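Here the structure is a predicted model, which means the values were calculated and not measured.
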Amino acid sequence: MSLLLVTGGRGFIGGAIVEQALAAGWSVRVFDSLREDVHGDGGGRPLPEGVEFVRGDMRNPDAVASALRGVDAVCHQAAKVGLGVDIGDAADYVASNSLGTAVLLAAMRDAGILRLVLASSMVVYGEGLYRDGAWVGQAPPRRLIDLEAGIFEPRSPVTGNLLQPEPIDEDQPCDPRNTYAATKLEQELLARDWARGTGGTAALLRYHNVYGPWMPQGTPYAGVASLFRSALERSEAPDVFEDGEQRRDFVHVSDVAAANLAALRWSTGAGEARAFNVASGEVHTIGDFARTLAAAMGGPEPRVSGRFRAGDVRHITASSARIRSELGWQPQVSFEDGVAQFAQDPLRAAVAGR
């Protein structure tokens, strides 16, 4: 039986991968630091019976090398996620994500492990893809004067007109616009270099808006779905930024886990690293998600505040054609069913003091 190492396997997405990998016949080892600012004192997501757990820091070469003994493939999910608070978070993001990945890849080379699935993110694109007549491309950062005036759509760099959003595919350039995004792209670049140098295979999975059971809560690094859910549990209206019309692709965590298993089965040439959007291929707005969740929980209608964060992107939705055709993956959980389930799902224990 092949042995799979899941880094960050006590977390939101990593834990779902562990469960599906076991069901698919893998032996599973989890490597996780259980850092308190991520997991609080709750110890992370519970592990199924039969999973080996190793607690350690991705930045520690000896700990990583020990965790890789006997391993056949790695799903690398461990990372500091979210937009962070401010530039003071930058060193921690770089150490946790970029350095941690570099340490892992060096240890995989030394151990002769040649199959990697990497958790990347839609944030590497920056803004999504847009159209202005015949022009198609990625939008420049939005102007502060527009945001302050309540004009949230980005403008064409050619005509200055407001742009129309389009689905983005993996061949578009990357343009990371915050520290977290920069480190996710650096993880991809490191994985590409590792694949070329070792003859290994790396599937770079660019997750879109993932939601589902065991999401973190009570932390500035939590996703918008978790923030809305926490507000509704306090009988508060979800606070929707801008006008609520920001387009996203919401994908259920069980489908994301299935994408990781499909990537482990992927057969390609030696030395190849390839990016895949992990997304439903359906467009919903952030306001849609808030309203659907509020209705499912019997809570107050969302409050569209008009507030904005200058570093946020406006629209980012995905073409999922590549992952469907090359990995044979298709999402199984509809938006309506997934949000209804999420209204009742267990969340990770809140992080105290956050």
Side-chain angles (χ1 to χ4, degrees), residues 1-34 38 44-45 47-48 50-58 63-81 96-97 100-109 111-121 184 187-188 190-192 194-195 198 200-208 210 212 214 251-268 272-278 323 327-329:
M1 187 179 293
S2 298
L3 177 59
L4 175 67
L5 180 69
V6 182
T7 70
R10 298 292 296 273
F12 166 44
I13 297 173
I17 294 168
V18 168
E19 292 180 353
Q20 290 198 21
L22 282 175
W26 288 86
S27 292
V28 180
R29 179 182 296 154
V30 165
F31 184 81
D32 201 307
S33 66
L34 297 180
V38 176
R45 181 171 177 160
L47 287 175
V51 174
E52 180 186 354
F53 175 59
V54 178
R55 184 169 183 173
D57 192 317
M58 290 301 308
V64 172
S66 178
L68 286 172
R69 290 193 185 112
V71 165
D72 297 286
V74 176
C75 272
H76 183 33
Q77 309 296 311
K80 184 181 176 77
V81 302
S96 300
N97 300 355
T101 299
V103 169
L104 173 67
L105 295 173
M108 288 178 65
R109 177 205 60 192
I113 300 166
L114 297 178
R115 183 164 290 273
L116 171 70
V117 179
L118 174 72
S120 186
S121 172
K184 296 311 285 184
Q187 286 182 299
E188 287 195 14
L190 289 166
R192 290 181 186 278
W194 166 84
T198 64
T201 297
L204 316 175
L205 302 186
R206 292 175 177 170
Y207 301 158
H208 283 250
V210 187
W214 299 103
V251 58
H252 195 269
V253 68
S254 64
D255 286 328
V256 173
N260 277 264
L261 271 291
L264 286 168
R265 299 188 297 269
W266 177 49
S267 178
T268 187
E272 176 143 6
R274 190 151 171 81
F276 297 92
N277 285 327
V278 181
I323 192 171
L327 301 192
W329 172 90

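- A 4.5 Å side-chain heavy-atom check between L104 and L68 finds at least one atom pair inside the cut-off.
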Given L264 and R115, is the side chain to side chain contact (heavy atoms under 4.5 Å, CB included) satisfied, shown in steps? CA-CA 7 Å; L264 286 168; R115 183 164 290 273; 4.3 Å; yes
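- Scanning both residues, A203 and A263, for their nearest heavy atoms gives CB-CB, 3.7 Å.
- For the residue pair I323 and N277, the shortest heavy atom distance occurs at CG2-O, 3.3 Å.
- The nearest pair of heavy atoms linking A259 to V278 is CB-CG1, 3.9 Å.
- Scored by the salt bridge (charged side-chain N to carboxylate O under 4.0 Å, His left out) test, R274 finds E326 as partners (sequence neighbours excluded).
- The distance from the CH2 atom of W26 to the CD1 atom of I17 is 12.0 Å, given to the nearest 0.5 Å.
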Verify ring-ring contact (aromatic ring centres under 6.0 Å, His included) between W329 and F276, making sure each step is shown before the conclusion. CA-CA 11 Å; W329 172 90; F276 297 92; over 10 Å; no
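- Residues D57 and A63 come closest through the heavy atom pair O-CB, 4.3 Å.
- In plain terms, the two heavy atoms of A191 and L116 that are nearest each other are CB-CD2, 4.0 Å.
- Here salt bridge (Lys or Arg N to Asp or Glu O under 4.0 Å) pairs that include residues 14-23, with residues two or more places apart or in two chains, are E19-R45.
- Taking all atoms of both residues into account, the shortest heavy-atom contact from L5 to F31 is CD1-CB, 3.9 Å.
- At a threshold of 4.5 Å between non-hydrogen side-chain atoms, the residues W214 and V253 do not count as touching.
- Between Q187 and L190 the shortest side-chain heavy-atom distance does not fall below 4.5 Å.
- For the side chain to side chain donor-acceptor pair (under 3.5 Å) condition, the pairs that include at least one residue of residues 64-79, sequence neighbours left out, are T7-H76, S66-R69, H76-T101, Q77-Y207, Q77-N260.
- At least one donor-acceptor pair under 3.5 Å links the side chain of R29 to the backbone N or O of A67.
- In this structure a side-chain-to-backbone donor-acceptor pair under 3.5 Å is present from N97 to K80.
- Of the possible donor and acceptor atoms, none in the side chain of R192 sits under 3.5 Å from a partner among the backbone N and O of A202.
- Within the 4.5 Å cutoff, side-chain heavy atoms of E188 are placed close to those of L118.
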